[in-house]
Amino acid sequence: MSQDRSGLLPSSGPERCGCCGMVQFEQLNEEKVFKDPVHRYIHVRDRLIWDLIGTPEFQRLRRIRQLGTTYLTFHGAEHSRFGHSLGVYEIARRVIGIFRNRGDWDDSETMPALCAALLHDVGHGPFSHSFEKVFGTNHEQFTQEIILGDTEIHRLLSRVSADFPKKVADIIGKTYENRLVVSLISSQIDADRMDYLLRDAYFTGVSYGHFDMERIWRVMRPHGDQIVFKFSGMHAVEDYIMSRYQMYWQVYFHPVTRSAEVILTQILHRASRLYRSGFRFKQMPDVLIRLLEGEIPLADYLRLDESVFMYCFQVWQDEDDAILRDLCCRFINRRLFKYVQLSRDQLNADAELTELFRSAGIDPDYYLEVDSSSDCPYDFYRPGEEEERLPIQLQMPDGSLHELSRESDVVRAITGKRRTDHKLYYPKDRVLNLSDSLPEKKKICALLHING
Ligand code: CA
C-alpha cells in the first residue's frame, strides 16, 4: 500500500553488534505494509527487504503473470509473480516468527531465509514454460545470475557482507548447508507451494485449493535439519495434499490453458525459424533479436516481460508470413486449438494425421501437437530424486516420526500415483474449412472424431 520509494535512497550497510559481532539489520523507521488478498497484509520491517522490493529486477515481476496462459481459461488469473513473491516472503516471515517464539530458530538465518523467499522466482521469464522450451533458457540459472551478477539486487545483498549474496543463492539453489532453511523455501510443504496454491485458487476463483495454512504453521516443528508436523495436525496436512491434487488437474493442467500454451510455443518457434532463415520482420524489438540469436545477456533478459511479448503478438498479426500471422491472431483473439484425448498406445497414431495435414495444406509442424502432462501430488518414494521428494514426517505423541502415508488413508490412496494425460491439439476451424471435395478432409475428420 504505502509504496513511496524513499527506501531506495542509499542506505549504509548493516552494523555489527559490539559484543557478539552478529550482523544487526537496519529496521525501517516505520513498518511498511502491502495489502494482499491472501495474507491480508504483508509486513516489511527491514530496510534490506524494502530496498530489494524496490529494485528494477524485482519490479519486473509485476509484468510477469504467475500462471502464464491460464488467464485465457480463468479470466481472474491475471496475478503476477510480484504478488506471489511477496506472499512467499510473508509466509516465511510468519513461520520463522513462530519458530523463534518457541526458541527453535537460529536468528542469524532469518535474513538469508527472508531474502531467499522473496527472490526465489526473480529469474522467471515471460510465459516461462513455453519460453524455456523454445529458447532453452533456465529461470533457475537466471535467478542465480541476478543474485550473483551485475544487478541492483546483488549490490544491495553485498552490502551485508561479501558472502551474503552467495548464501541467498545457495538457499534457493538448495545447496545451502543448513537444510532446515532450505526446506522452508523448497520441500513438500514449503512457503512457495503454500502461497501459490492459495493465491492461484483465489485468483482463478475455484473452490478447491483451500486449506488451513495457519493450522499447518502451528503444527510445523524443526526436527534436526528438517521440518516435521505434529500428528494432531495431520488433517490439515491431508487437506493441503488434496488441494495440490485438485489444483493440478483442475487448474494447472487445464486443457484450454494447454491449448493456449501450444499456440504460444508455436509462435515462438515460428518467429525463431523465420529469423534464422533471414525473414525481414516489419516489427522486431531489439531486445528480442538477442534472444533469437541464441545468447541472451542478463541485461537484455531483464528487459523481457510479458508486455514485450504481447506487443509482438499484436503487431505480428500484420507480418507477411501466413503462419506467424495466423498463430498470433489466434493467441490475441483466443481462437484456440481443439483437442482429442490420446491413450498411451495412440501416441504415435498422429503419423497418419501428419501426412494428411501436409497434403491438405495445413502445416503439421505448427498445427498438430501432442501435449502431455503428468504429476504426482504426493510422491515420496522416488530414489535418487531431488530433496523436494523427501517424505512428510509426522511427529507422533511419543516423539517418533512416521511417514505421512503410513498414518493417513487419504494420502495413501494417492501416493505415488502418477497420472499422465496426452492430448492432440489441432485447429478444428481450419479442418472444417477444407473443401468437401478434398479427399483428406473426410479421413482427417474421422481420425479426429469430428462430425461434419
Ligand atoms: Ca514460486
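Counting starts at 1 for both ligands and their atoms, in listed order. These values consider heavy atoms only, across backbone and side chains, with no hydrogens, waters or symmetry-generated copies.
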| message | With no hydrogens and no angle check, just 3.5 Å: does a side-chain donor-acceptor pair link His79 and Gln66? | response | no

| query | Do Phe58 and Phe82 have ring centres separated by under 6.0 Å? | reply |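 Close enough - the centres of the two rings lie under 6.0 Å apart.
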
| Where is the tightest heavy-atom contact between Arg330 and Phe337, given as atom of each residue plus distance? |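 Closest approach of Arg330 to Phe337, heavy atoms only: CD-CE2, 3.6 Å.
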
| task | Mind listing the closest non-hydrogen atom pair of Cys115 and Leu157 along with its distance? | result |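 Closest approach of Cys115 to Leu157: SG-CD2, 4.0 Å.
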
| In the protein, how many N/O/S atoms are under 3.0 Å from the Ca ion (ligand 1)? |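 For the Ca ion (ligand 1), protein nitrogen, oxygen or sulfur atoms under 3.0 Å: 4.
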
| said: Are more than 12 heavy atoms, taken from residues, nucleotides or ligands other than Arg218, located less than 6.0 Å from that residue's CZ atom? | reply: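 Result for CZ/Arg218: open.
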
| message | Applying side-chain contact (heavy atoms from CB on, under 4.5 Å), can you list everything that pairs with Pro255, at least two apart in sequence or on another chain? | response | Tyr339, Lys423, Tyr425

